[in-house]
Amino acid sequence: MARYNPKDVEPKWRARWADADAYRTKTDPDKPKYYVLEMFPYPSGRIHIGHVRNYAMGDVIARYKLACGFNVLHPMGWDAFGMPAENAAMQTGRHPAEWTYENIAAMRDQLKGMGLSIDWSREFATCDPSYYRHQQKLFLDFWKTDLVERRESAVNWDPVDQTVLANEQVIDGKGWRSGAVVERRTLSQWFLKITDKADDLLDALDDGRLDGWPDNVRLMQRNWIGKSKGLSMTFDFADAASALGGETGVRVYTTRPDTLFGASFIALSPDHPIAKAYAEKDDAVAAFIAECQNIGTSEEAVEKAEKKGCRLPLEATHPFDASIKLPVYIANFVLMQYGTGAIFGCPAHDQRDLDFARKYDLSVTPVVLPKDADADAFTIENEAYVGPGALYNSDFLNGLSVEAGIQAAIDRIETMGSGEATVNYRLRDWGVSRQRYWGCPIPAIHCPTCGVVPVPEEDLPVALPDVPAEAFQTPGNPLDRAEDWVNTTCPKCGGAARRETDTFDTFVDSSWYFARFAAARDETPVDKAEADYWLPVDQYIGGVEHAILHLLYARYFTRAMQDTGWLSMAEPFANLFTQGMVTHATYKDEAGDWVFPEDVVHDEKGARHADTGAPVAVGAIEKMSKSKKNVVSPEDIAGTYGADAARWFMLSDSPPERDVEWTDSGVAGAWKLINRIWETVDEHADIAPLSLLDGPAPKGIEKDESSVALRRITHGAIAAITDDIEGFRFNKAIARLYEFVGVLRKSANIDNWVRAEALSALTRLIAPFTPHLAEECWARLGGEGFISSAPWPEADATLLKKDTVTIGIQINGKRRGEIGVPADADKAATETLALNDATVKRHLEGATLRKVIVVPGKIVNIVATPNS
RNA sequence: GCGGACGUGGUGGAAUUGGUAGACACAACAGACUUAAAAUCUGUCGAUCGUAAGAUCGUGCCGGUUCAAGUCCGGCCGUCCGCACCA
């Protein structure tokens with residue numbers, strides 16, 4: 001008997017699948033479709049064990065649905081634009097395109113080595129001009145449809161690298177790469193008006209359209225959109241004539257208009273136009289604003305920053321009581337981007353306002369009285385009261401609840417004409433401009449005469465100019481310096497003009513790739529009829545780290561494509577599964593440098609370096625990352641044990657949504673099982689081939705106990721594993737397979753037909769997990785064609801019913817034994833059987849029976865009290 | 001600070017609606033085979049007591065509901081994730 005050798009077997013089957021074009025998908029309106037998609041990878045260089053987990057999960061679903069008779073689409077491509085390619089260009093002097101396409105080639109080979117059922121004919125990279133030209137077309141359509149806006153916006157500017165940085169790239173107020181202090185600059189940027197769709201993006205989270213999404217992702221999106229209902233209102237200036245900036249009052253936004261009588265100051269954002277007007281006339285104000293801008297936008301900075309303000313020579317009149325004058329400050333904690341960029345401060349009921357009021361010695365008037373509190377004794381010390389209660393100190397609002405007070409205050413302000421109920425979102429419009437070379441060029445032209453003009457469609461694509469690799473050694477965007485490319489003529493007036501040199505945020509690239517996979521056409525972004533057949537994606541699988549941005553942008557983009565007539569649905573992903581990360585222990589040597597796990601040995605003295613013997617510190621178990629060196633190469637594993645073993649291990653033990661720690665012993669366990677299956681199949685191939693199943697079941701097997709027992713196990717396994725795959729419980733499906741194999745190996749004297757039935761089922765059940773092994777087993781058993789085209793096994797319901805069941809017996813809630821009862825025994829019969837059980841009798845001696853609770857098929861609980 | 005998830009043997013984890021806690025696997029230990037080792041196979045494996053039958057305890061901690069709680073409720077403790085000066 002030959003030992004199973006994946007090094008020969010796996011490439012053989014992959015070659016045969018490829019020759020037969022086994023996973024090529026065609027649109028077929030007569031068949032039900034199923035679109036499985038895993039988030040496409042960034043071509044960083046090598047595939048990572050996390051990719052193996054992600055794509056193995058998708059492949060299980062794809063192969064399972066294929067076996068169930070669905071027309072399955074399971075494509076793959078590359079999210080290929082982005083910063084790492086430019087960083088590599090800076091470090092290695094290689095052109096981003098060269099680096100990227102080389103990585104793609106290497107990773108494609110690796111992925112193919114996993115034996116995934118992917119339709120490779122649909123592959124593309126987002127950096128292919130044949131992809132991004134359509135993205136440019138979509139953008140032009142969005143522009144025409146008023147989904148796009150050009151607007152000034154503050155950005156983090158790195159003065160050394162001369163580029164815009166994302167917030168995540170600003171560390172302690174400094175550029176992550178250059179270390180230079182980041183400046184805030186205002187640039188004209190392109191925006192997609194996602195806030196216009198905020199309500200629908202929010203509604204869809206709860207109205208059933210996204211029932212196939214995990215609750216936590218929906219919640220994160222809800223919080224991110226952050227809808228709040230409140231009041232926008234104007235506080236008039238007491239001496240409007242002397243106010244700078246040409247305004248007679250200031251507009252504020254509040255969600256707590258019920259606390260208006262507790263107002264003690266007005267605060268403006270340092271970026272507020274009125275603040276800026278004063279800064280021009282007053283150096284102290286200008287200095288304060290400059291100081292605020294230096295704090296930076298990072299979270300830590302914001303958290304530590306003390307509340308500070310700068311008093312303006314200005315007072316506002318209280319709308320409900322003209323005798324109350326409120327001082328106006330510029331305050332560092334007020335954000336220009338949210339609401340109106342100005343607030344009224346009510347220190348008693350807002351912690352920030354209270355901190356500010358204490359610092360500047362402003363009045364603190366409580367206006368909400370907690371239930372059971374005494375109005376005379378209730379005071380605010382250093383903690384604002386934000387809970388419910390009854391309004392007081394509040395004139396016409398007195399006695400109302402917070403909710404009723406909010407409404408009453410809004411009504412009064414609206415009647416007075418000085419404000420109106422307003423909805424605000426935390427979500428901001430999506431700035432898509434990046435001052436980068438390696439991205440999709442934004443198809444716009446700047447003309448000194450005509451302004452910003454769209455590139456005519458017939459001129460698409462606006463292809464990236466071929467700049468030399470050395471261009472990346474100079475700070476700044478190489479596109480700015482590509483004079484031949486930048487200088488062009490205006491499509492409107494024909495005069496000299498310049499191209500837009502910003503490229504799209506790479507999130508744009510990944511916001512519609514799923515549609516392109518399904519319905520690509522050379523001349524249009526998608527074919528609508530084909531997109532209607534395939535979309536939405538039935539099962540989308542990826543990391544939870546994309547729970548907010550990518551998924552929200554893709555949802556927005558689908559709506560925008562609906563508005564522009566390219567698609568006919570709003571939601572791109574019907575079902576979403578977020579899988580956990582693959583983690584591994586980290587190691588550091590005495591110098592504090594990371595050490596690869598393969599260089600670490602464990603002995604009685606602890607962890608040491610394999611070569612030097614120097615002690616190594618064992619660090620936290622973390623997500624595998626190159627920088628921490630805690631990576632395991634999938635190629636090594638596949639080389640030793642085969643792709644099937646790697647896939648099997650990645651899916652066993654841990655629930656798919658949870659993080660899994662990589663261990664070497666785990667893969668060895670997978671390898672053992674693969675061999676056991678092969679041996680079992682090989683031993684039976686001649687005596688129990690699949691051809692036996694062409695004939696009818698032998699007479700009398702329904703009376704043969706061991707045959708019936710094995711058939712029950714076979715059909716029980718089919719039912720349970722099917723259910724587990726449907727529910728993404730791959731770890732449980734695998735546990736079931738272990739059990740099934742264990743029983744089958746010990747089935748020596750059972751009828752061959754019954755064993756052939758079990759082997760047929762087993763082979764088809766493992767096919768989604770270990771496709772190469774399954775094909776080899778299928779062929780060995782004499783199966784016809786690929787197992788990938790064999791139908792999924794069906795469980796025989798009559799074999800799932802049990803004749804007798806074992807149920808537990810409790811006495812006073814404690815388990816005292818178990819009995820076998822007929823499966824259809826009623827309560828009375830079960831109770832009689834239980835009470836006649838010897839153990840039960842023994843326990844009931846000297847006690848009085850009080851009550852017997854029977855849950856048929858599950859448990860009997862006998863309540864008794866001792867006689868004393 | 002706000003929102004959410006989770007906490008079960010030495011380990012990963014099962015127990016889907018309250019109903020026999022610990023399936024399946026890893027590690028460990030013992031045995032078989034072997035000159036030996038590896039591989040493979042067999043067995044043991046929550047804790048305590050007991051030769052055994054069995055008994056008692058046991059799902060982060062404290063309390064509650066119930067005939068019955070890992071599961072439900074209240075209060076703590078801990079870990080992880082998301083958001084974070086959002087008015």
Side-chain angles (χ1 to χ4, degrees), chain A residues 3 214-217 219-224 226-228 230-231 252-257 259 267 269 295 299-307 331-335 337-346 349-353 355-356 386 424-428 544-545 547-548 580 649 652-655 657-661 663-673 675-676 679 723-724 727 729 731-742 745 806-819 839 842 850-864:
Chain A
R3 197 167 164 80
D215 290 343
N216 64 330
V217 174
L219 182 72
M220 280 190 243
Q221 294 221 343
R222 196 174 303 129
N223 292 341
W224 185 262
K227 182 175 183 169
S228 74
L231 170 70
V252 304
Y253 175 74
T254 178
T255 56
R256 292 294 302 275
T259 64
S269 163
I295 290 172
E299 288 157 25
E300 308 93 279
V302 159
E303 194 177 1
K304 285 176 202 151
E306 195 188 349
K307 307 273 175 291
N332 62 352
F333 64 94
V334 181
L335 305 173
Q337 307 93 315
Y338 188 79
T340 60
I343 61 159
F344 80 81
C346 175
H349 304 293
D350 183 288
Q351 192 59 46
R352 293 157 304 178
D353 296 348
D355 295 345
F356 191 83
V386 296
N424 245 294
Y425 299 95
R426 190 190 159 282
L427 180 71
R428 294 183 218 153
V544 74
E545 66 272 21
I548 296 173
F649 170 57
S652 38
D653 294 345
S654 283
E657 67 277 11
R658 223 177 284 180
D659 290 353
V660 59
E661 191 192 352
T663 59
D664 291 334
S665 52
V667 214
W671 168 240
K672 256 199 304 205
L673 180 89
N675 278 294
R676 260 186 243 163
E679 277 168 24
D723 195 44
D724 286 337
R729 294 179 294 263
N731 54 324
K732 288 181 65 185
I734 281 177
R736 279 286 190 163
L737 283 166
Y738 271 104
E739 278 179 294
F740 186 25
V741 173
R745 288 172 77 212
T806 306
I807 64 172
I809 300 184
Q810 296 176 330
I811 292 168
N812 293 329
K814 276 190 178 79
R815 182 180 177 276
R816 294 298 177 185
E818 57 185 37
I819 52 167
T839 325
R842 184 161 52 77
R850 299 285 175 202
K851 197 175 178 186
V852 179
I853 290 132
V854 179
V855 183
K858 295 225 164 134
I859 205 153
V860 177
N861 191 12
I862 298 164
V863 185

Reckon [X] touches a base, only the sugar-phosphate, or nothing at all at heavy-atom distances under 4.0 Å?
X	answer
A/Ile853	base
A/Val855	base
A/Arg222	nothing
A/Val852	nothing
A/Arg850	nothing
A/Glu739	sugar-phosphate
A/Asn861	base
A/Thr254	sugar-phosphate
A/Arg842	nothing
A/Arg736	nothing
A/Ile862	nothing

Counting only Watson-Crick pairs (N1-N3 plus N6-O4 or O6-N4) and G-U wobbles (N1-O2, O6-N3), all under 3.5 Å, who is the partner of [N]?
N	answer
B/G63	B/C73
B/A15	none
B/U35	none
B/C80	B/G4
B/C26	B/G10
B/C49	B/G54

Could you check which of [options] has an atom nearest any side-chain atom of [X]?
X	options	value
A/Ala735	B/A25, B/A23, B/A87	B/A23
A/Arg676	B/C67, B/C83, B/C41	B/C41
A/Val334	B/A87, B/C86, B/C85	B/A87
A/Tyr253	B/G4, B/A87, B/U20	B/A87
A/Ser228	B/C85, B/A68, B/A87	B/A87
A/Thr255	B/G4, B/C83, B/A87	B/A87
A/Trp224	B/C67, B/C83, B/C85	B/C83
A/Asn332	B/C85, B/G19, B/U20	B/C85
A/Tyr738	B/C24, B/U20, B/G12	B/C24

Any [X] side-chain N or O less than 4.0 Å from OP1/OP2 of [N]:
X	N	result
A/Arg815	B/G19	no
A/Arg816	B/A55	yes
A/Arg729	B/A14	no
A/Asn223	B/G4	no
A/Lys672	B/C26	yes
A/Lys814	B/C57	yes
A/Arg426	B/A84	yes

Find the distance [X]:[atom1] to [N]:[atom2] and express it as a whole number of Å.
X	N	atom1	atom2	result
A/Asn731	B/A23	CG	C1'	12 Å
A/Asn424	B/C85	CG	P	15 Å
A/Glu679	B/C41	CD	C1'	11 Å
A/Tyr338	B/A87	OH	P	4 Å
A/Lys307	B/A87	NZ	P	14 Å
A/Tyr425	B/C86	OH	C1'	14 Å
A/Asp355	B/C85	CG	P	14 Å
A/Lys227	B/A87	NZ	P	14 Å

Considering heavy-atom distances to RNA chain B, does A/Leu335 or A/Gly669 have its closest nucleotide positioned more toward the 5' end?
A/Gly669

Does this structure show an ion pair linking A/Lys307 with A/Asp353, if we count only N-O contacts that are shorter than 4.0 Å?
no

The glycosidic conformation of B/G58, counting syn as within 90° of 0 and anti otherwise, is anti

So for A/Lys732 and B/C24, does any side-chain atom that can act as donor or acceptor lie under 3.5 Å from a complementary atom in the base?
no

A/Thr255 versus A/Ser228, closest heavy-atom pair with distance:
CG2-OG, 3.9 Å

